[in-house]
Amino acid sequence: MKQNQNQPVQNLNKESILADFRLANLSRNLSIIGRREVLTGKAKFGIFGDGKEIIQIAMAKQFKNGDWRSGYYRDQTWMMAMGLYDSLEFFHQLYGNTDNQFDTGSGGRVFNNHFSVPNINHDGSWRDLTKQKNSSADISPTAGQMPRLLGLAYASKLFRLNKELHQFTTLSLKGNEVAFGSIGDASTSEGYFWETINAAGVLQVPMAVSVYDDGYGISVPKKYQTTKGSISEILKGFETEKDKPGIRLFKGKGWDYPGLIKLYEEGISVCREQHTPCVFHIEEVTQPQGHSTSGSHERYKSEERLKWEDEFDPIKKMREWILSSDIATADELDKLANEAEEEARESRRIGWESFQDPIKIERDALVKIINDRSCRCTEKAKEDSVDSYTEDLKKVAAPIRKDNFVTARKILRNICGSCLKSDNLNQELQGWLKRNYEDARRSYDSFLYNETPTSVLNVTPVPPVYSPESPEVPGRQILRDNYEKLFSKYPLLVTFGEDTGAIGGVNQTLEGLQKIFGELRITDTGIREATILGQGLGLALRGMRPIAEIQYLDYLMYALQVLSDDLATTHYRTAGRMIAPVIISTRGHRLEGIWHSGSPMAMLINSVRGIYVCTPRDMTRAAGFYNTLLEGKDPAIVIEPLNGYRLKEKLPVNLGEYRLQLGIPEILNSGTDLTIITYGSTVKIAVEAVKQLAAHGISVELIDVQTLVPFDRNKMILESLKKTNRILFLDEDLPGGTTAYMMQEVLEKQGGWHYLDSPPKTLTAKEHRPAYTTDGDYFSKPSAEDVFDIIYGMMKEAVPQRF
Ligand SMILES: Cc1ncc(C[n+]2csc(CCOP(=O)(O)OP(=O)(O)O)c2C)c(N)n1
Ligand SMILES: [Mg+2]
C-alpha cells in the first residue's frame with residue numbers, strides 16, 4: 001500500500017476497504033433500482049441514501065454492541081454496514097411487505113428507509129440490549145429524531161453514574177454506550193435540533209450527531225436554512241472550553257473515506273469515554289438522485305452544482321483513492337461493482353416475488369371460489385357482473401390486496417342471498433372475507449397498544465386499604481408518600497422536569513425525595529418540554545422507567561409532536577417490536593387563567609392514540625394509576641387535578657402497592673333518574689350538584705370514567721343507562737370535545753341509544769379559554785349550578801308532572 005497523507009488509520013486493510021467499496025456500490029445500486037421501482041409504479045414512494053454512503057460506512061465502524069441509533073431516512077448504508085439490514089429487506093420495505101418473517105422492523109407500516117431494531121421479544125420481555133446494535137424507530141418529521149436521541153444518550157449517563165444500576169447488565173454495560181444521531185443540514189433549522197444540542201451540552205451525555213450537509217432541504221438551499229450557511233460555524237458558542245464543558249465539534253468531507261474513518265475514530269472515543277456530546281459536520285455531501293421519488297433535482301440545482309456533485313460523488317472519490325493508493329486494480333474494483341449490482345438486481349427480483357406471491361395466492365383462492373360456484377344467479381345482469389369483476393381481477397398484472405377485497409365485496413352485492421345450496425357463493429365469499437380481513441387486521445390494525453403479557457391491562461388490581469387510624473392529609477402528601485415507596489421499590493425509576501428536583505415539584509409532590517434518592521433519580525431540567533419528553537422516550541426504549549414531568553397540561557402542547565408522532569406510534573410503527581413505556585405526569589383542568597386551567601382533553605386523546613390517558617379525580621386515584629403503570633409496560637399520561645393538591649384525602653396504608661385498573665369506571669353515587677358521566681376535576685362539581693339535585697327529589701347515578709383511553713372496558717355505563725334511561729356527559733373541555741367522544745363511546749359503541757328516554761346532553765366549558773379570576777372560572781367552566789339546571793330541565797321535560 002502506497003503511503004499518502006490520507007493514509008487510513010489502523011485496522012484498515014485491503015480486505016475491509018474492498019468490502020466497504022462493495023457495500024457502497026451495493027447501496028448505490030439499491031437507491032437507483034429503488035427509484036426505478038417507484039417510477040414504474042411497483043412501489044409507492046422512495047427516499048434513498050445515495051451520496052451519503054461513505055460517511056455512514058465510516059460511522060458504522062465505531063458503532064458497538066449496546067450503542068443506539070436515532071437517525072433518518074438516508075441511513076440505509078449505515079444500517080447495512082452494521083449488519084442490521086440487507087438488500088432484500090430494502091425491497092421488502094420498499095414494497096411495503098407486511099410479512100413479519102422478513103423482520104424489516106416496520107411490517108410495511110412506514111416509508112422505506114425508516115429503520116428499527118426490536119427491543120423486546122415476542123413475549124414482551126426485554127432483549128439483551130447490550131448484545132445487539134440498537135436502533136430506535138425512525139419517523140419522517142424532520143428533526144423528530146432529536147428529542148429521543150437525547151434520552152438514549154442520557155440513559156448511558158444514568159447507567160454509568162448510578163451504581164445501583166450496574167446490576168442491569170442486559171440493559172447497559174455501565175453506561176459505556178454512545179447514542180448516534182444523524183440529521184440533514186436543513187433539518188438543523190428546526191427548534192428541536194437546538195433544544196437537543198443545548199440540553200446535551202448541559203447534561204454532558206454521550207450523544208454523537210452527524211449532520212449530512214448536502215446543501216439542500218428538498219429544493220431549498222442552505223442560505224435560507226442556516227445563518228452564515230454553516231451549522232458548525234454557528235454551533236461554536238456551544239464548544240467545550242477549559243473548565244466549561246460543552247460540546248465537541250468535528251468537521252469532515254462526505255467523499256473522504258480515510259479522513260472520515262479517522263474523524264469518527266477520534267470523535268466517538270471522546271464521546272464514549274468522556275461522555276462529551278459531539279457534532280460531526282460533514283460537508284461536501286452529494287445527492288445524486290435528488291431528494292426523493294417525488295421530483296427531480298434538475299429543477300432547482302444549477303448546471304454547475306450538478307457537475308460538482310458528479311465529480312465529488314463519494315463512491316467515485318473512494319475509487320480514485322483506492323487506485324491512487326495502489327490498494328487494488330481497476331479490474332478488481334469493476335468486478336466488485338458488478339457483483340454489487342448483480343446482488344441488488346437479484347434482491348429486487350426476490351423481494352418483488354415475495355411481495356406478489358402471497359397476494360396472487362390470495363387472488364387465486366378467491367377466483368377459484370367464484371369459478372367453482374354451483375349457484376348461478378337467475379338474474380342475467382347480476383351473473384354477468386360477477387363474471388366481469390372476476391375477469392377484471394384476473395387481468396391485474398401486479399395485484400395488491402385491495403384489488404382482491406374490492407372484487408370480493410362488489411361481487412357480494414351482486415349475488416342473491418337466498419340460495420339454498422350449501423356451497424353457495426354468498427357464504428363462501430363471506431368466509432373468504434372474514435378469514436382474509438382477520439389476516440389484514442393483523443397486518444395493519446394491530447399493536448397500537450402493547451398486546452403482550454406485559455400490557456398494563458393485565459396488571460392485577462389492588463384496592464387502597466384504610467385503617468381506622470388513617471389520617472386525612474393534603475392530596476399532595478399522598479402522591480409524595482406513594483412516590484417514596486415507588487422509588488424504593490423500582491431502582492430503574494427516575495423522574496425529571498422543571499422544578500421537579502430540589503424543591504420537589506411546584507406542587508410539592510416530590511418534596512424531600514431528591515435528598516433521599518439523589519439527583520440522578522429526581523432531577524431538575526431546563527424549560528424544554530419537547531426534550532423532557534424525548535428524554536423519557538429514550539430512557540424507556542433502553543429499559544428504564546421514566547416519569548417525565550410536564551409542569552402543566554397547558555404546556556404539554558410544546559411536547560405534543562413528540563407524543564403524537566413518536567411515542568404514540570412507537571409500538572404500532574414497529575409492528576409490535578419496540579416498546580417505550582414512558583409515564584407522563586402532568587396536571588390540569590382548572591386553577592386560574594388562560595394558561596393554567598386548560599383541559600384540552602379532546603386535543604390530547606385525538607392526537608395520542610397509542611398512549612393511555614388517565615384522568616384521576618384526586619391524588620389517591622393518581623397514585624393508584626402510577627402504581628399500576630409501573631407494573632406494566634405501556635406509555636401513559638396521568639393528568640392530576642390541579643386544584644386538588646391541598647384538598648384532604650384519607651391516606652391509604654398500602655401506598656405504592658394498591659393499583660387501579662385502566663378502563664374501569666367507578667360509580668360514586670347510585671341513582672335512578674339520570675346518569676352523569678364525567679372525569680377529573682368536574683367530578684367534584686358533579687358531586688356537589690348531585691347533592692343539590694337530591695334535595696329536589698332527583699336521583700342521579702354519578703360515574704367517574706377514570707381513564708379516557710381505554711374507555712369503560714366492561715360497558716359499566718351501559719348498565720347504568722339501562723336503569724336511568726337518561727344521560728349527561730360533563731367535562732370542562734370545549735363543546736364537541738371529549739363529551740362528544742364519550743357520547744360516541746356510550747351511545748354508538750356500547751349501543752346506549754337503545755335505552756334512551758330523553759335526548760342525551762353534554763355540558764362543557766365555554767369555547768373560549770377560562771378568564772383569570774374565580775368569577776372568570778365560574779362563567780367559563782361548568783359549575784354545580786349549571787349541572788343542576790341542565791339536569792333539572794331534562795327531568796322537567798321528561799316527567800313534567802313531577803316538577
Ligand atoms: C416537520 C417536517 N416538515 C417538512 C417535512 C418535509 N420534508 C421531508 S425531508 C425535507 C428536507 C430535509 O432536508 P435535510 O434535513 O437537509 O435532509 P436531506 O433530505 O437533504 O438529507 C422536508 C422539508 C417533514 N418531513 N417534516
Ligand atoms: Mg440536506
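Quick note: numbers below take in every heavy atom, side chains included, and nothing from hydrogens, waters or symmetry partners. Read the numbers this way: they start at 1 and go in the same order the structure lists the ligands and their atoms. The structure presented is a predicted model; accordingly, all values stated were derived computationally and were not measured.
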* Asked: Checking Y741 side chain against L708 main chain: does a donor-acceptor pair fall under 3.5 Å?
  -> yes
* Are any side-chain N or O atoms of S31 and backbone N or O atoms of F48, one a donor and one an acceptor, separated by less than 3.5 Å? -> no
* What are the atoms of ligand 1, with element, lying closer than 4.0 Å to any heavy atom of G184? -> 14 (P), 15 (O), 16 (O), 17 (O)
* Looking only at protein heavy atoms, identify the closest one to atom 16 (O) of ligand 1 and say how far it is in Å. => D185 OD1, 2.7 Å
* Give a yes or no on whether Y224 atom OH has more than 12 heavy-atom contacts from other residues, nucleotides or ligands under 6.0 Å away. => no
* Heavy atom under 4.0 Å from ligand 1: found in V220's side chain, backbone, both, or neither? -> neither
* To do: State the atoms of ligand 1, each with its element, that fall below the 4.0 Å cut-off from a heavy-atom position in Y72.
  => 17 (O), 18 (P), 21 (O)
* What angle, in degrees and rounded to 10°, do you get at the Mg ion (ligand 2) when you join it to OD1 of D185 and to O of Y216? -> 110°
* **For atom 13 (O) of ligand 1, closest protein heavy-atom neighbour** => G217 CA, 3.2 Å
* At what distance is the nearest protein heavy atom to atom 9 (S) of ligand 1, and which residue and atom is it? -> Y73 OH, 2.9 Å
* Asked: Can you tell me if D185 uses its side chain to pair, donor with acceptor, with the backbone of I231 under 3.5 Å?
  -> no
* To do: List every atom of ligand 1 that sits less than 4.0 Å from any heavy atom of A186, numbering the atoms from 1 in the order shown and giving each element.
  => 13 (O), 14 (P), 15 (O), 16 (O)
* Atom NZ of K64 with >12 non-hydrogen neighbours under 6.0 angstrom -> no
* Enumerate the atoms of ligand 1 whose separation from the nearest heavy atom of Q287 is less than 4.0 angstrom. => 20 (O)
* To do: Write out the residue and atom name of the closest protein heavy atom to atom 7 (N) of ligand 1, then the distance separating them to 0.1 Å.
  => I218 CD1, 3.9 Å
* To do: Classify the contact between Y216 and ligand 1 as side chain, backbone, both or neither, using a heavy-atom distance cut-off of under 4.0 Å.
  => backbone
* Structure fact -> Note: ligand 1 atoms sitting under 4.0 Å from heavy atoms of R74 are 18 (P), 19 (O), 21 (O)
* **Heavy-atom donor-acceptor pair, R74 side chain to I183 backbone, under 3.5 Å** => no
* **Minimum-distance N/O/S atom that D214 presents toward the Mg ion (ligand 2)** => OD1
* **Metal site the Mg ion (ligand 2): N/O/S of D213 inside 2.8 Å** => no
* Structure fact -> Here the pair of heavy atoms bringing P206 nearest to E177 is CG-O, 3.5 Å
* Matching residue for D310 among K316, K301, R305 - test: salt bridge (Lys or Arg N to Asp or Glu O under 4.0 Å) -> K316
* Taking all atoms of both residues into account, what is the closest heavy-atom pair of I315 and A24, and its distance? -> CD1-O, 3.3 Å
* To do: Could you list the atoms of ligand 1 found under 4.0 angstrom from a heavy atom of S140?
  => 25 (N)
* Heavy-atom donor-acceptor pair, T574 side chain to H571 backbone, under 3.5 Å -> yes
* Asked: Is S116 reaching over with its side chain to a backbone N or O of G105, donor-acceptor style, under 3.5 angstrom?
  -> yes
* Give the contacting part of E190 toward ligand 1: side chain, backbone, both or neither, where contact means a heavy-atom distance below 4.0 Å. => side chain
* Provide, to 0.1 Å, the distance between atom 4 (C) of ligand 1 and the closest protein heavy atom, together with that atom's residue and name. => T142 OG1, 4.2 Å
* **Heavy-atom proximity to atom 15 (O) of ligand 1, best of S294, P221, S187** => S187
* **CD on Q225 to OG on S187, rounded to 0.5 Å** => 8.0 Å
* Under 2.8 Å: N/O/S of Y212 next to the Mg ion (ligand 2) -> no
